[in-house]
Amino acid sequence: MAAQYTSPPDRMAYFEQVWEIVRQIPAGRVSTYGRIAAYLPPPKGMSEQAYRVRGPRMVGGAMAACPADVPWQRVINAQGKVSLRQGEGGEAQRVLLEGEGVEFDDKDRVDLSIYLWNGPSREWLIEQGLLEKP
DNA sequence: TCCTTGACTCAGA
DNA sequence: CTCTGAGCCAAGG
């Protein structure tokens, strides 16, 4: 259940979709801004090319504004690192992930070949209207 | 209205 | 492995 928005910009509709996907990531697994963005179509009015570049940052924006029931800590960058500077919640994110069993190496990176979430199921995407039913 | 600033990524050096 | 710059757009000051 999302918050109530008096004037629904497309931006917020997009954020909602991002949150819905992030909620599918199981504990102990992670995904990246880029991959999350790739599961969604570009917001109305944005070109594919622009979305390819802007997508990841938009997902970041969605994380910055996400409701409490979204496991934002499971979204990290493509290098397997937490994308928050010290003092802005970065260490909190790491603690949360470690609490779920995710391990960081000596360079503060998560091994994506082990912990990367394989993505939402095809059925789920169809259910969400993000994929055509064959 | 102009200018800065992003919870990004990828290719090069 | 680390560091840069480019790519693109919207929100806030």
Side-chain angles (χ1 to χ4, degrees):
Chain A
M1 197 56 100
Q4 57 289 16
Y5 303 104
T6 52
S7 57
D10 275 3
R11 181 171 193 65
M12 199 49 81
Y14 177 79
F15 280 9
E16 303 264 7
Q17 290 185 300
V18 170
W19 298 334
E20 208 45 52
I21 287 199
V22 173
R23 279 192 268 255
Q24 308 307 310
I25 306 176
R29 307 301 294 285
V30 299
S31 193
T32 69
Y33 300 97
R35 290 182 76 95
I36 302 279
Y39 297 133
L40 299 168
K44 185 172 180 284
M46 182 179 282
S47 72
E48 281 288 341
Q49 184 179 350
Y51 183 63
R52 197 182 62 216
V53 174
R54 281 307 303 168
R57 287 166 93 95
M58 292 176 66
V59 170
M63 291 303 94
C66 76
D69 66 328
V70 175
W72 57 272
Q73 72 274 19
R74 296 175 196 151
V75 184
I76 59 182
N77 65 33
Q79 287 110 52
K81 294 198 247 181
V82 158
S83 272
L84 286 175
R85 285 176 281 172
Q86 291 214 330
E88 297 190 43
E91 44 296 285
Q93 180 168 15
R94 173 168 176 156
V95 169
L96 282 171
L97 287 176
E98 290 178 327
E100 298 179 352
V102 175
E103 295 173 23
F104 287 74
D105 65 16
D106 55 353
K107 298 220 168 36
D108 300 317
R109 276 183 322 188
V110 170
D111 187 340
L112 293 179
S113 70
I114 296 176
Y115 299 103
L116 183 65
W117 176 47
N118 42 21
S121 69
R122 225 163 54 80
E123 294 75 29
W124 188 85
L125 286 172
I126 292 172
E127 196 176 310
Q128 299 298 310
L130 298 175
L131 199 62
E132 292 290 324
K133 194 170 183 179

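Letters A, B, ... are given to chains in the order of the sequence lines, protein chains preceding strands, and every chain is numbered from 1.
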Does the side chain of A:Q49 get closer than 4.0 angstrom to OP1 or OP2 of C:dG7 through an N or O atom?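 Answer no for this pair, as no side-chain N or O of A:Q49 is under 4.0 Å from OP1 or OP2.
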
Considering only nitrogen or oxygen atoms on both sides, find all protein atoms under 3.5 Å from nucleotides 1-5 of chain C and state each distance.
unit_1: C:dC1; atom_1: OP2; unit_2: A:R109; atom_2: NH1; d: 3.2
unit_1: C:dC1; atom_1: OP2; unit_2: A:R109; atom_2: NH2; d: 3.1

Rounded to whole Å, how long is the line connecting atom [atom1] of [X] with atom [atom2] of [N]?
{"X": "A:F15", "N": "C:dA10", "atom1": "CZ", "atom2": "P", "value": "12 Å"}
{"X": "A:M58", "N": "C:dA11", "atom1": "CE", "atom2": "P", "value": "9 Å"}
{"X": "A:K44", "N": "C:dA10", "atom1": "NZ", "atom2": "P", "value": "13 Å"}
{"X": "A:R57", "N": "C:dA10", "atom1": "CZ", "atom2": "P", "value": "13 Å"}

Which of these, A:V75, A:V82, A:I76, sits in a side-chain contact (heavy atoms from CB on, under 4.5 Å) with A:V30?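 The passing option is A:I76.
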
Can you name the closest pair of heavy atoms from A:Q73 and A:L96 and give their distance?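 In this case the closest contact between A:Q73 and A:L96 is CG-CB, 3.9 Å.
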
Salt-bridged, A:E100 to A:R74, with N to O below 4.0 Å?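 Yes, this pair counts.
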
Thinking salt bridges, do A:E98 and A:R94 make one under a 4.0 Å N-O criterion?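 Salt bridge: yes.
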
Reading DNA chain B from 5' to 3', where do the contacts with chain A start and stop? Cut-off is 4.0 Å to heavy atoms.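 Range of nucleotides within reach of chain A: B:dG6 to B:dC10.
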
Taking only the P atom of each, what is the distance from C:dA10 to B:dC10 in whole angstrom?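 My reading of the P atoms in C:dA10 and B:dC10 gives 22 Å.
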
So what does A:S47 hit on the nucleic acid, given a heavy-atom distance under 4.0 Å: a base, only sugar-phosphate, or nothing?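 Touches nothing.
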
If you look at every strand shown and take non-hydrogen atoms under 4.0 Å, does A:A50 touch a base, only sugar-phosphate, or nothing?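 Result for A:A50 = sugar-phosphate.
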
Which sits closer to the 5' end of DNA chain B, A:R54 or A:T32, going by the nucleotide each is nearest to?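 That would be A:R54.
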
Does A:Y33 have A:R57 sitting over its ring (NZ/CZ under 6.0 Å from centre, angle to axis within 45°)?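 Ring-cation test returns no.
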
Let me check something: do A:L125 and A:V59 share a hydrophobic cluster, defined by ILVMFWY side-chain heavy atoms less than 4.5 Å apart, either directly or through other members?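 Shared cluster, yes.
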
